[in-house]
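See structure below.
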Amino acid sequence: MRYDLVIFDNDGVLVDSEPISNRLLAGYLTELGHPTSYEDSIRDYMGSAMHRVHDLVLERTGRRLPKDFDEVFHARVFAAFERELRPVPGVTDVLEKLAGDGVPYCVASSGSHERIRVGHRTTGLDRWFTDERIFSSEDVGRGKPAPDLFLYAAQRMGVAPGRCVVVEDSPLGVQAAVAAGMDVYGFTAMTPSERLAGAGRLFSDMGELAGLLG
């Protein structure tokens with residue numbers, strides 16, 4: 001193993017949540033008078049913290065989203081997770097191998113702690129991620145593409161940034177990992193490879209990851 005820590009993004013990498021959450025985000029923004037397609041949501045918001053949604057809508061329209069926007073959106077997302085959410089195919093095998101080999105790993109997500117935990121509990125991934133392995137943009141001042149979250153996760157796990165690899169599926173996440181001085185592997189199952197061009201390696205099937213990390 002060439003790394004001392006594997007840092008996973010959550011949405012789209014551990015749990016197959018991006019289709020669900022972006023469908024609901026596009027629908028809710030459209031309801032509020034900000035016409036947004038599913039493709040728009042993927043392009044503009046995938047991998048970002050919620051403040052980016054507020055910032056972009058304000059920048060583009062001069063109007064602020066309702067104060068309860070996050071609360072309403074997350075309630076819809078969590079209800080859909082209970083019905084539809086699944087782990088990304090192959091990721092449990094990767095986690096089992098890392099755990100079996102004694103390789104440290106964690107998750108660093110733009111999502112809230114509540115969102116991470118709901119997703120893990122629903123999919124059974126909570127057995128792999130105890131509290132000390134979970135890091136959220138809520139823990140730092142700036143979310144991705146700033147490097148703060150990844151640097152915070154590495155510091156809390158006691159590993160130098162140069163000894164970390166990040167597994168990401170969003171352009172913002174790849175930018176953040178590169179800015180943190182970490183290697184990054186881009187997961188292209190949902191994202192065109194050219195949008196993850198900053199990643200050192202690209203792969204489209206989670207089953208490939210264990211071999212890439214070896």
Side-chain angles (χ1 to χ4, degrees), residues 1-15 17-18 21-22 41-56 58-59 70 88 91 94-95 98 103-117 119-120 128-203 206 209 212-213:
M1 181 70 184
R2 62 176 67 91
Y3 300 105
D4 296 333
L5 177 65
V6 181
I7 303 177
F8 291 94
D9 176 42
N10 188 56
D11 294 292
V13 171
L14 294 176
V15 294
S17 53
E18 294 290 9
S21 58
N22 282 283
S41 184
I42 291 285
R43 182 193 66 224
D44 293 341
Y45 305 121
M46 182 173 162
S48 66
M50 287 301 294
H51 67 78
R52 179 177 170 86
V53 182
H54 291 265
D55 292 346
L56 278 184
L58 180 60
E59 177 185 318
D70 291 12
V88 167
V91 79
V94 174
L95 295 170
L98 291 176
V103 177
Y105 63 89
C106 65
V107 57
S109 171
S110 293
S112 66
H113 278 281
E114 183 183 16
R115 178 184 172 120
I116 297 167
R117 285 171 170 79
H120 287 190
W128 304 105
F129 290 93
T130 51
D131 286 350
E132 62 269 17
R133 295 181 187 267
I134 297 176
F135 305 100
S136 160
S137 61
E138 291 180 324
D139 301 325
V140 295
R142 299 180 300 168
K144 305 169 189 177
D148 304 35
L149 176 57
F150 289 138
L151 292 172
Y152 176 75
Q155 186 252 331
R156 289 291 303 272
M157 296 293 289
V159 178
R163 298 296 305 158
C164 300
V165 62
V166 175
V167 184
E168 263 288 354
D169 71 331
S170 75
L172 294 176
V174 169
Q175 290 175 46
V178 171
M182 300 176 180
D183 284 356
V184 54
Y185 289 2
F187 183 43
T188 62
M190 274 194 63
T191 310
S193 56
E194 60 269 19
R195 297 197 70 207
L196 302 180
R201 296 196 181 196
L202 300 173
F203 67 105
M206 191 57 70
L209 182 59
L212 293 174
L213 292 172

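When reading the values below, keep in mind they use all heavy atoms of this one structure, side chains included, and skip hydrogens, waters and symmetry mates.
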Kindly compute the distance separating [atom1] ([X]) from [atom2] ([Y]), expressed to the nearest 0.5 Å.
{"X": "His51", "Y": "Leu56", "atom1": "NE2", "atom2": "CG", "answer": "10.0 Å"}
{"X": "Ile116", "Y": "Arg133", "atom1": "CD1", "atom2": "CZ", "answer": "14.5 Å"}
{"X": "Asn10", "Y": "Ile134", "atom1": "CG", "atom2": "CD1", "answer": "8.5 Å"}
{"X": "Ile7", "Y": "Ser109", "atom1": "CD1", "atom2": "OG", "answer": "12.5 Å"}
{"X": "Tyr185", "Y": "Leu213", "atom1": "OH", "atom2": "CG", "answer": "5.5 Å"}
{"X": "Leu202", "Y": "Arg195", "atom1": "CG", "atom2": "CZ", "answer": "13.5 Å"}

Please determine whether a side-chain nitrogen of the Lys or Arg among Asp183 and Arg2 lies less than 4.0 Å from a carboxylate oxygen of the Asp or Glu. no
The test is side-chain contact (heavy atoms from CB on, under 4.5 Å); show your working for His54 and Asp70 and say whether it passes. CA-CA 10 Å; His54 291 265; Asp70 291 12; 2.7 Å; yes
Assign the ring pair His120 / Phe129 to parallel, tilted or perpendicular, where the plane angle (0 to 90°) is split at 30° and 60°. tilted
Does either side chain, that of [X] or that of [Y], offer a donor lying less than 3.5 Å from an acceptor on the other one?
{"X": "Ser21", "Y": "Arg115", "answer": "yes"}
{"X": "Asp169", "Y": "Thr191", "answer": "no"}
{"X": "Ser41", "Y": "Asn22", "answer": "yes"}
{"X": "Thr130", "Y": "Glu132", "answer": "yes"}

Output, in order, the C-alpha distance, side-chain angles, deciding distance and verdict of side-chain contact (heavy atoms from CB on, under 4.5 Å) for Tyr105 and Val167. CA-CA 11 Å; Tyr105 63 89; Val167 184; over 6 Å; no
Who pairs with Arg117 by side-chain hydrogen bond (donor to acceptor under 3.5 Å, both in side chains), at least two apart in sequence or on another chain? His113, Asp131
For Arg156, all residues meeting salt bridge (Lys or Arg N to Asp or Glu O under 4.0 Å), sequence neighbours excluded: none
Salt bridge (Lys or Arg N to Asp or Glu O under 4.0 Å) partners for Arg52, two or more places apart: none
For Val6 and Val103, what are the C-alpha separation, side-chain angles and deciding distance, and is it a side-chain contact (heavy atoms from CB on, under 4.5 Å)? CA-CA 8 Å; Val6 181; Val103 177; 4.2 Å; yes
Flag the pair Tyr3 / Val159 as yes when at least one side-chain heavy-atom distance between them is below 4.5 Å, and no otherwise. no
Ignoring hydrogens and angles, tell me if any N or O in the side chain of Ser136 forms a donor-acceptor pair with the backbone of Gly111 under 3.5 Å. yes
